[in-house]
Structure formats: structure tokens, C-alpha cells
Asks: 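Below: one structure in C-alpha cells.
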Number of protein chains: 2
Amino acid sequence: MNKENNAPMQGNINGIDRQSYEPAYIQLVNILKQHVSSGIMRPGDRLPSESQLCRQYQVSPMTVRRAINILSDQGIVDTVQGRGTFVKPIKLIAATFHLNELQGIFDDRQTNVKILEVRIVSSDRRTAEKLGIAVRDRVIYIRRLLTRKKKPLLYHREYLIYDPLRPVVESELEVTSLKGLFEGEGGSDFKRGDLSIEATIINEEEAKILQTQIGSAAFCLEHIFYDFEDKPVSWGYFICPGDQLRFATTVGFRPEGVQD
Amino acid sequence: MNKENNAPMQGNINGIDRQSYEPAYIQLVNILKQHVSSGIMRPGDRLPSESQLCRQYQVSPMTVRRAINILSDQGIVDTVQGRGTFVKPIKLIAATFHLNELQGIFDDRQTNVKILEVRIVSSDRRTAEKLGIAVRDRVIYIRRLLTRKKKPLLYHREYLIYDPLRPVVESELEVTSLKGLFEGEGGSDFKRGDLSIEATIINEEEAKILQTQIGSAAFCLEHIFYDFEDKPVSWGYFICPGDQLRFATTVGFRPEGVQD
DNA sequence: TAGTGGTCTAGACCACTTA
DNA sequence: AAGTGGTCTAGACCACTAG
């Protein structure tokens with residue numbers, strides 16, 4: 001992120017600088033973005049054709065193509081075969097929210113994960129359903145609390161399939177495993193994870209642990225992880241007080257040039 | 001989405017079918033994905049080198065390159081210059097949530113937008129701050145209610161810069177403008193929009209309008225739109241009862257092949 | 001030094017849209 | 001028929017990593 005910023009946002013408006021460390025296709029992306037964000041090109045307008053861009057910027061068709069593909073991936077233009085490439089209007093509905101806003105939390109040295117409880121329990125109906133097992137089957141139950149600067153931030157409850165043959169417990173129990181879960185540095189031999197976010201209300205137990213008010217707003221981030229045979233291996237959810245977290249994003253063009 | 005499914009998930013494991021309508025690079029992407037999702041390739045493993053893949057599947061370097069770029073974009077592999085391409089472990093933190101889960105709402109014919117109120121008001125401190133204007137400056141205040149099957153779904157409050165020179169009112173007032181805001185079909189001559197999602201609690205006014213309980217959980221989706229001069233033109237927020245909405249996503253490999 | 005990924009060329013052929 | 005985007009080739013040169 002913090003590389004040399006001697007030549008930020010290349011692409012002289014006029015043309016492509018072949019001496020630059022920035023690849024030609026990136027420069028072209030930035031030039032075209034600049035045209036859109038500055039209003040030279042408005043939503044609905046057609047871009048110059050690919051062959052025109054080739055001539056105009058003295059690059060090969062593949063390079064133009066690559067630049068346009070990137071703009072298309074970023075939702076800035078629409079390409080229609082036989083008609084052309086068009087600037088897209090901004091759609092609120094195209095917005096995406098990234099969980100990696102939480103990244104900073106784990107990088108912070110003042111963040112701490114405490115295991116509140118680990119024990120083997122008999123699964124209730126909901127847990128059995130989520131994990132695809134029978135009610136009363138044994139599962140490992142873990143409660144964790146993530147704090148930053150001594151302040152409670154996330155309360156996590158998780159149920160793991162109990163498999164004596166593959167004692168996943170040890171690795172899961174590491175204090176860092178929550179970080180590993182998020183950042184995937186641990187083994188993470190999962191095939192996939194299904195996540196969902198809901199709005200919820202802090203209950204009595206959560207209020208006590210998170211040191212907040214009963215009835216205050218919170219996010220609930222639920223997760224189910226599956227192994228390579230598509231069988232669930234764990235189910236759990238994070239509770240995060242609403243005043244500690246906010247998901248933010250931008251549609252269209254960010255004020256700074258940094259968007260990749 | 002629902003095109004001919006005669007040959008779903010091409011790429012015979014063995015090689016690339018040149019007769020297929022599916023492009024070679026897509027077939028290669030699917031083959032490599034299959035290797036990862038089936039466990040043949042595990043997180044941390046190195047992919048065959050690009051020249052190896054060229055020989056193995058009888059395609060040109062650019063085609064291999066394109067396939068690998070796609071896998072890299074999708075967060076499935078990491079490429080390191082000089083070392084190789086590696087299968088990435090699953091990261092919870094890489095999850096993204098898409099607002100377009102709301103798409104279905106607007107496609108539904110039983111969805112209806114009602115304008116509850118429009119008037120010109122004097123901006124309070126918060127509104128003035130958000131819109132970058134002076135306190136007491138006049139703004140247009142709009143309240144809308146979006147219902148589906150007669151059931152309240154979203155409550156929207158919005159403040160627009162009042163500019164007599166450019167009467168944005170008429171177009172904004174159309175019943176469909178909420179849909180236009182989301183789907184960008186209207187003019188949408190905005191340069192960008194900043195969004196954020198918070199967890200919140202339904203207050204008395206909202207409870208009455210949304211026909212829910214005071215104190216129940218809800219999402220608050222706030223938005224500020226900027227024109228091409230980077231000046232705010234509108235600020236507002238949607239309130240959506242928590243039991244009406246849930247954001248879901250998958251990290252890793254979705255059960256069906258559909259992910260684009 | 002050998003192998004890897006990163007970029008780029010200068011074309012080619014195809015499918016599609018529009019007139 | 002002309003113009004557009006979509007795909008693909010068969011190389012080339014470079015920067016980086018490793019032994």
C-alpha cells in the first residue's frame with residue numbers, strides 16, 4: 001500500500017508513459033477512469049472502439065482489451081458484443097461490503113482473544129440441524145471473547161463436530177485460532193464457508209459478557225464451515241455491538257485513486 | 001442465468017473441448033477450480049507452471065494466463081513472481097456481502113413505493129454536516145415507505161440539496177425513483193455514493209410506520225451521493241427490520257457451479 | 001543460471017449488431 | 001457489409017526467486 005508515491009496516478013491524460021513502472025494496461029484503466037470520474041464521459045456514453053483506442057494510445061488490441069475487462073469487472077462499464085462499450089450508471093444495488101474492515105482488529109497488538117469455556121455437550125435441535133447430525137450427538141462447544149484495549153468487542157460461540165479420529169480440538173483451541181479463522185493462516189482445510197449477517201438485540205448473557213446494555217443493537221455474524229466432502233464441520237456466530245462496528249463502502253469513484 | 005444446460009460445468013477433467021461454446025480459458029478455470037474444490041489440490045499447494053499448463057492442455061500462454069488471472073481475482077490462488085502460483089486457504093475476512101440480494105424486491109410486482117411526505121425544511125446540524133452546507137439552509141425532505149404484499153419493508157428518509165436552478169425535485173419524486181436509485185436506471189448523474197450499514201433499534205416513529213415493535217433490531221443503510229464536483233447532493237437512510245433482511249455469502253466454493 | 005510469473009505484440013478468426 | 005467486441009495464437013522480453 002505504502003510504496004513509493006513519486007508518481008501517483010500515472011497516465012498523463014494524453015498518453016501512456018512507456019518508461020513508467022506502471023503497466024500500460026493499468027495506465028489505460030486510469031486514463032479511462034479519469035475520463036468518467038471527471039465527467040468527460042457520462043453514464044450511457046459509448047467508449048471509443050477498441051481499435052480506436054489502439055491507435056489513440058499506441059498499444060496492442062490485447063492491452064486495450066485487458067484494460068476494458070478490468071473496467072468491466074469493476075462495474076464501471078458494460079460491454080455489448082457488436083454494439084460497443086458503455087459507461088454504466090451508478091447502481092446502489094451493486095454495492096459490496098467487505099468483511100476485511102475487521103482486518104485492523106487482528107493486526108492490532110492490543111487485541112486479545114480469551115477462551116471463556118470449552119466443553120463437550122449434547123447437541124440441541126438447532127445445532128443438530130445446522131451441522132447435519134442427530135439431536136443429542138456430541139459436539140464441542142467453545143465460547144470466546146475478543147477484546148481490544150481491554151474492551152469487549154466480539155463474543156463468539158461455536159459448535160464443532162466431535163470426531164475422535166481427527167482431534168481438531170488442539171488446533172482450534174489455540175488462542176490465535178480466531179485470527180486464523182479470519183485470516184486463513186491456520187490449516188483451514190475447509191472447502192467452503194457459508195456466512196450471514198443479521199441485525200439483532202443483545203440479550204442478558206451477551207450484555208454481561210460484552211459489558212453493554214440489554215436490548216441494544218448488534219450484528220450477528222453466523223458461519224458454517226464445510227469440509228471437502230461438503231459435510232459441515234463447525235457452526236457458530238459472532239455477536240458484535242452495533243456501536244463498535246459499521247460496514248462502509250463506495251459505489252462509483254472513490255475520492256483517492258486507490259481502488260484495486 | 002437459465003441458458004441451455006446441456007453441458008453444464010464443461011471441462012472433462014482430461015482436457016479442453018475445442019468444439020464447446022464455452023471459451024477455452026473458462027474451461028481451464030473450471031478444471032483448476034475442480035481440482036481445488038475436490039481436494040486434489042489443497043491450500044498451499046503450487047499449481048503447475050504456466051508453461052506446463054500450456055503443454056498439458058494445449059493452449060497458448062495468454063489463455064493460461066487469463067485463466068490464472070481469473071482465479072487470482074476470485075481469491076482462489078495467489079501468484080508470486082518467480083515462485084509460482086499457489087492455492088489460497090479460505091479466509092473469512094475475504095468475504096464480501098452484496099447489496100443486490102435486494103434485487104428481487106424491486107423485480108417483484110407486489111412491491112410498492114409510497115411517498116409519505118415531501119417538504120422544504122431548514123437543515124439541522126447533522127444534515128448540514130452531511131451535506132456540507134450551513135445550518136438552516138433549506139433542504140428538500142422526503143419520506144418514503146416501500147411495501148411488499150402490503151407489508152412494510154423499508155422506511156426511507158432523504159435530504160436533498162435545494163437548488164432552484166436545477167429542480168431535481170420532479171425526477172426524484174417519481175414513484176419509481178427509489179427503484180431508480182437502487183438500479184441506476186434513472187439519470188443517476190452522480191459521481192459516487194458513500195454507503196454504510198449499521199445495526200440499530202427501531203424507535204417509536206419507525207415502529208409505527210413499519211408496523212413493528214419499538215426496540216426491535218433493524219439495519220440502517222445510510223447513503224450520501226456526490227455530483228461530479230464532489231459536492232454532496234443528497235443524504236438519507238433506509239431502516240429495515242432485522243427479520244426482513246439478512247445478508248448472506250459464501251467463501252470458498254459454492255455448492256452449485258454458478259459463480260461469476 | 002534456470003525456472004517462474006508479468007507484460008506486451010501484431011496479428012487472426014469468430015459472433016454479434018446495425019444499417 | 002461494415003463495425004464492434006470476444007477469443008486466441010505463438011511467440012517476445014522483463015523482473016523476480018531459487019539453487
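We name chains A, B, ... by the order of the sequence lines, and we start the count at 1 in each one.
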Asks: Can you name the atoms? Protein N/O to nucleotides 15-19 of chain D N/O, anything below 3.5 Å, with the distance.
Replies:
from    : atom 1 : to     : atom 2 : distance (Å)
dC16(D) : O4'    : Q81(B) : OE1    : 2.8

Asks: Check D227(A) with K191(A), please: is the shortest side-chain N to carboxylate O separation under 4.0 Å?
Replies: no

Asks: Please determine, by modelled atom types, if N112(B) and T147(B) share a side-chain donor-acceptor pair under 3.5 angstrom.
Replies: no

Asks: Exactly one of L195(B), I224(B), D194(B) should register a side-chain contact (heavy atoms from CB on, under 4.5 Å) with T250(A). Which one does?
Replies: D194(B)

Asks: Taking atom types as modelled, is there a side-chain donor on S196(B) or R246(A) under 3.5 Å from an acceptor on the other?
Replies: yes

Asks: With distance as the sole test, does T249(B) use its side chain to make a donor-acceptor pair with the main-chain N or O of T96(B) at under 3.5 Å?
Replies: yes

Asks: Under the salt bridge (charged side-chain N to carboxylate O under 4.0 Å, His left out) test against E50(A), which residue among R55(A), R65(A), R66(A) passes?
Replies: R65(A)

Asks: Whether the side chain of Q34(A) engages the backbone of I31(A) through a donor-acceptor N/O pair (distance < 3.5 Å, no angle test) should be reported.
Replies: no

Asks: Apply side-chain contact (heavy atoms from CB on, under 4.5 Å) to residues K33(A) and S37(A) and explain how you reach the verdict.
Replies: CA-CA 6 Å; K33(A) 270 190 186 177; S37(A) 84; 5.8 Å; no

Asks: Which is the 5'-most and which the 3'-most nucleotide of DNA chain C that has an atom under 4.0 Å from a heavy atom of chain A?
Replies: dT7(C) to dT18(C)

Asks: What about the rings of H223(B) and F238(B), do their centers lie closer together than 6.0 Å?
Replies: yes

Asks: Nearest-nucleotide wise, let me know which of A24(A) and S51(B) is further upstream toward the 5' end of DNA chain C.
Replies: S51(B)

Asks: Please work out if R66(A) contacts a base, only the sugar-phosphate, or nothing of the nucleic acid, heavy-atom cut-off 4.0 Å.
Replies: sugar-phosphate

Asks: Dot-bracket for DNA chain D, 5' to 3', counting Watson-Crick or G-U wobble pairs under 3.5 Å, with [ ] for crossing pairs and | for inter-strand pairs?
Replies: ||||||||||||||||||.

Asks: Mapping M62(B) and I68(B) to their closest nucleotides on DNA chain C, which lands nearer the 5' end?
Replies: I68(B)

Asks: Using modelled atom types and a 3.5 Å cut-off, is there a donor and acceptor pairing between side-chain atoms of E158(B) and backbone atoms of W235(B)?
Replies: no

